[in-house]
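Report on the following structure.
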Amino acid sequence: MSPRLVPAQRDATGRRDRPLRVTVDGVPADGIAGQTLAGLMLASGRTSWRRAPSGAPRGLFCGIGVCFDCLVTVNGEPDVRACRRRAVDGDEVTTHSRAGHGDADGPGRTAREER
Amino acid sequence: MNGTRAVVLGAGIIGAACARELALAGAAVTVVDRGGPAAATTSHGEGNVLVSDKGPGPELALAQLSRELWPTVLTQVAERSAEGHRAAQAAEWDPKGGIVVATTSAGAHALARFADSQRSAGVRAEPLAPEALREAEPYVTREHTAAVHYGEDAQVQPAGAATALLTDALAAGAALRGGEEVCSGVVRGGRLTGVRTTHGLLEADLFVNAAGPWSGALAARLGAPVGVEPRRGDVLVTTPQPPTVFHKVYDADYVGSVGSGEEESQTSAVVESTRAGSLLIGSSRRRVGFDDRLRPEVLSAVAAKALRLFPSLARVPVMRAYGGFRPYVADHLPVIGADPRLPGLWHASGHEGAGIGLSVGTGRLLLHLVRGEPPPVDAAAFRVDRPAVLRPRQYQQQETT
Amino acid sequence: MTVPAARRVAVVGAGPAGLSAAHAALAAGARVTLIDAAEEPGGQYHRTVPETYGPQRPVRLQHGWRAFERRRRRVLAHPRCTWLPRTSVWALEQPQPEHEGPPRLHLLCAGPADGAGRTRHTLDVDALVLAVGAHDRVLPFPGWQLPGVCTAGAAQALAKGERVAVGERVVVAGSGPFLLPVAASLLDVGSRVLEVLEANTAATTARGWGRRPWELAAQAGKAVELAGHAAVLARHRVPYRTGRAVVEARGDGRVEEVVTARLRADWSVLDGTRRTLAVDTVCVSHGFSPQLELPLAAGCALDERPAPRCGPAGDGGADDARKSGRSGSLGAFVRVDEQQRTSVPWVFAAGEITGIAGAPSARAEGAVAGWSAATGGSTPRDPGRRRALRALRRSRDQGRAFAERLARAHPIGAAWPGWLRPQTVVCRCEETDYGSLCAAFATEAGSASRVAKLNTRAGLGPCQGRICGPTVAELRRRFLGDAPERPAEGLPRADPHRRPIAQPVRLGELAAPSAPLTDPGRRPEEESSS
């Protein structure tokens, strides 16, 4: 385990947490109001939530909406940058994978079969 | 053709295809481009290899020839060199087939008639019953009135396809000179014997004008203007999606707008996926000269039409838009052949939005014409001395919408 | 003083530069629309915990917080200001050739980030100030795509903005003074920072900062701020090492260890200096990349500023350039004049898009830009204002001098591609590796930028080359030389920053009609419901 939220009682900002709960692929994850989905997922113990075309796991990278590596589906809206979207109680987050239907094998792959 | 010196002006996909055929036939070929190879119109297109959008006639025959050649040509390229192999892979040849969907009853009748006429010309055009359409394209609108499946339609990644053809031309001995612009022609005894470029004089026995939408301007510099003008097309690219669109799917309106010359903006829906999962959504056709400014309302109209075809794509994000200039001729036919006004000058241009698909057939046809052999398809309709080519209208300087 | 006819000014970006521009434009009598994607002004620099955290002691540590807070309140409460938070500028539409004036703004208004139901609006103004900032530039290295490797900016944003520590055992690496506040933020949220690695050698850094020290005095605030961070590091006994970099990250499904190595001045790795270190997180920044898509969409000319060269003799002369191969990266920035005017009439630029110089300089540039946008750059009649403007310009010029010094002290060494292996991912989105890129550039028929991009897919993924674009362009230059590619008539030059769709827009949003935002002072929700 590594990423985590500073416990409120030790936080110099003196914040007052309002807990909320979202689900990530159906699994509940707890956080507090104001967190981004990326912050919430990190602090609840996930370091990756997306798979690149090769299937390799990806997590937070730029944290400010530039790299699009943290994309998730939120309540059916695809391609939401988790680092920019504030969590709302009850959000249903679905993780993404580009593996299996992209050009995963790179330029060596043969043409798609005729349908 | 051993010993014949040929200069191909323009290293887009048409120039690449011509250079390849000439070089393989033994000509000493030099390809000149003022920019980089395939960097202009070719890399701003969708990569259509279509028979479905053409009615019976000479252009359909050229499309059928090209469709037949594509897989063989790419295999030959891949076998010739390692670079060619890589490039042929990047060409992403995909014989996915096309489906044309009509959404009105008038559209359904027009589509049925059109498909009928195409069948008589040897096109595989199979009407799709609603269930069959749903199976082929589960996300397409239920609000359709007719659909036709064109099994021969295919797609390439156009820059990759051009790289493959040009790489093969180079492997066959052609030389490439990028960043070199043609300034004027050298005419001796009424014949074009050379071109002066920014780098000096280039002499040859024949010159092929394959400068796409700029071929009108280039021909004028050489003293033989042709009526090829730019027509702009815009394409939207979405983020990578799970498999949603399986064929090239387009609205029956598209057939109408390809054959139209209206200045004002026209849009119709053409939706397809690429190998990486992105959807390409076209298209608009606007005659606005070489005006590259983004027009969000044109993109909006394209999006609206695409959603009529695939309503469930409303939440899919567009991440990029690109536009290109396509070489347009008022009678919608390419210009392929010798210029009767200036011996030594040949043209291979004017394919508008179909140039990617038609490139390999054009190269083959040009080779036959240059050698004076009977052409594989009737080339009379593409000849240079026809009214639309020799009496060009000036293109509109600005949008009229 | 007579107020000129109230000009309509749009300011894009509400960080230090944008907020300052809005403030100055309001003071000069303009009607201002201030636009930002975030909920609150402040940008990356003044990032703080959200209101919903209910903070009782909001950030006291932040430098210049009080002044920022004052300015924020004044701007947002001003009757001539329309504040559009959570709004993206997704396109700029240039006017017809014969029409003067800045481009039309196309907005996606009032929605949660990447929401699906945002409304599309257009906004026409008399002057546009672009103050959209920059993001971390990260050079690729083997393993940089592993979860647990993030930008220094990400660590900073999560610590300052959410009180989340990105990791437990962290290495901060890269180049530039930004590494210090990031390390300090990580310590503040309880991470263990194992070391801070500055890739440039002590000699390079000292030479860069040491020359013409009087320029630094003017940026005393910045120096004090950095000294504060350095003291925090010292207190926590965090080693700050120069001439060392993270050259590889390894792990199964996430980063578990990094390989660090000593570097020469050109960032080539010294043999026998590799060390592995167990970590769970690596925070990296090799400098900043300005966000240039909107300036390019507006048609603004850029300046390619060669990054200062560094070599053993270190004077940046031609000899060094030869020794270290090609000069390192070229930094492109928006070209501005004394008044912060870009090459496009009535488009102004301020902040990091004109050069990386930090918040004080961004504020000064913003104020000058705001004034110019509101007045057309006329000299104020009021002597007090004249003096104030002069002082701002002076501060801006000092900021520019500081930026130059910063670039000299923390250049990107030309030999960094030596860290790469053929299989190293360069384009994170499409997983294009270094070997494929090299092969594409070596293919004579496919080496044009656009063509190589389409053939390798580098830069075609969801981030649209925001991360890999400058790197791919630089690698191409190494292969093929510096000669600029000539565009065909009508087509723009291939540019790694060109993204005419500046932010993703959903098909449904795009297909819906847009309504013009006309009346500053009213919010888009009100307009659209009318």
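In what follows, every chain begins at residue 1, and chains take the letters A, B, ... in the order their sequences are listed.
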At what distance, to the nearest 0.5 angstrom, does [atom1] of [X] lie from [atom2] of [Y]?
| X | Y | atom1 | atom2 | result |
| --- | --- | --- | --- | --- |
| C:L491 | B:F290 | CG | CZ | 8.0 Å |
| B:T239 | C:Q464 | OG1 | CD | 10.0 Å |
| B:L236 | C:L510 | CG | CG | 6.0 Å |
| B:E92 | C:L454 | CD | CG | 9.0 Å |

**Study point:** salt_bridge(B:R295, C:E93) N-O dist < 4.0 Å
**Key:**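 Result for this pair is yes, salt bridge flagged.
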What is the minimum heavy-atom distance between [X] and [Y], and which atoms define it?
| X | Y | value |
| --- | --- | --- |
| C:A91 | B:L294 | CB-CD2, 3.6 Å |
| C:E430 | B:A276 | OE1-CB, 3.9 Å |
| C:A442 | B:E83 | O-OE2, 3.4 Å |

Review point. Does a side-chain heavy-atom distance below 4.5 Å link B:L299 with C:I501?
Key: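 Result yes, sub-4.5 Å side-chain heavy-atom pair found.
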Review point. Tell me, do B:E297 and C:S514 make a side-chain contact under 4.5 Å, heavy atoms counted?
Key: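 Heavy-atom side-chain distance check passes, below 4.5 Å.
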Check your understanding: If you count heavy-atom pairs under 4.5 Å with chain C, which of B:G35, B:S43, B:A91, B:G36 comes out on top?
Key ->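 Highest number of heavy-atom pairs under 4.5 Å: B:S43.
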Between [X] and chain B, with a heavy-atom cut-off of 4.5 Å, which part of the residue counts as in contact: side chain, backbone, both or neither?
| X | result |
| --- | --- |
| C:P487 | neither |
| C:A488 | both |
| C:A494 | neither |

Practice item. Find the one option among C:S447, C:P492, C:A116 whose heavy-atom pairs under 4.5 Å with chain B are most numerous. Key: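 Greatest number of close heavy-atom pairs with chain B: C:P492.
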**Study point:** Contacts with chain C made by residues 313-324 of chain B (heavy-atom distance under 4.5 Å), listed by residue number
**Key:**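 The residues closer than 4.5 Å to chain C, in numerical order, are B:L313, B:A314, B:R315, B:V316, B:P317, B:V318, B:M319, B:R320, B:A321, B:G323.
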Check your understanding: Which of residues 155-164 of chain B get closer than 4.5 angstrom to chain C, counting heavy atoms alone?
Key ->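 Under the 4.5 Å heavy-atom cut-off, B:Q157, B:A159, B:G160, B:T163 qualify.
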Check your understanding: Any luck finding a side-chain donor-acceptor pair between C:R120 and B:S300 under 3.5 Å?
Key ->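 A pair is found: one side chain offers a donor N or O, the other an acceptor, under 3.5 Å apart.
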Review point. Contact part of B:A87 toward chain C, heavy-atom cut-off under 4.5 Å: side chain, backbone, both or neither?
Key: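 Contact with chain C: none, neither part.
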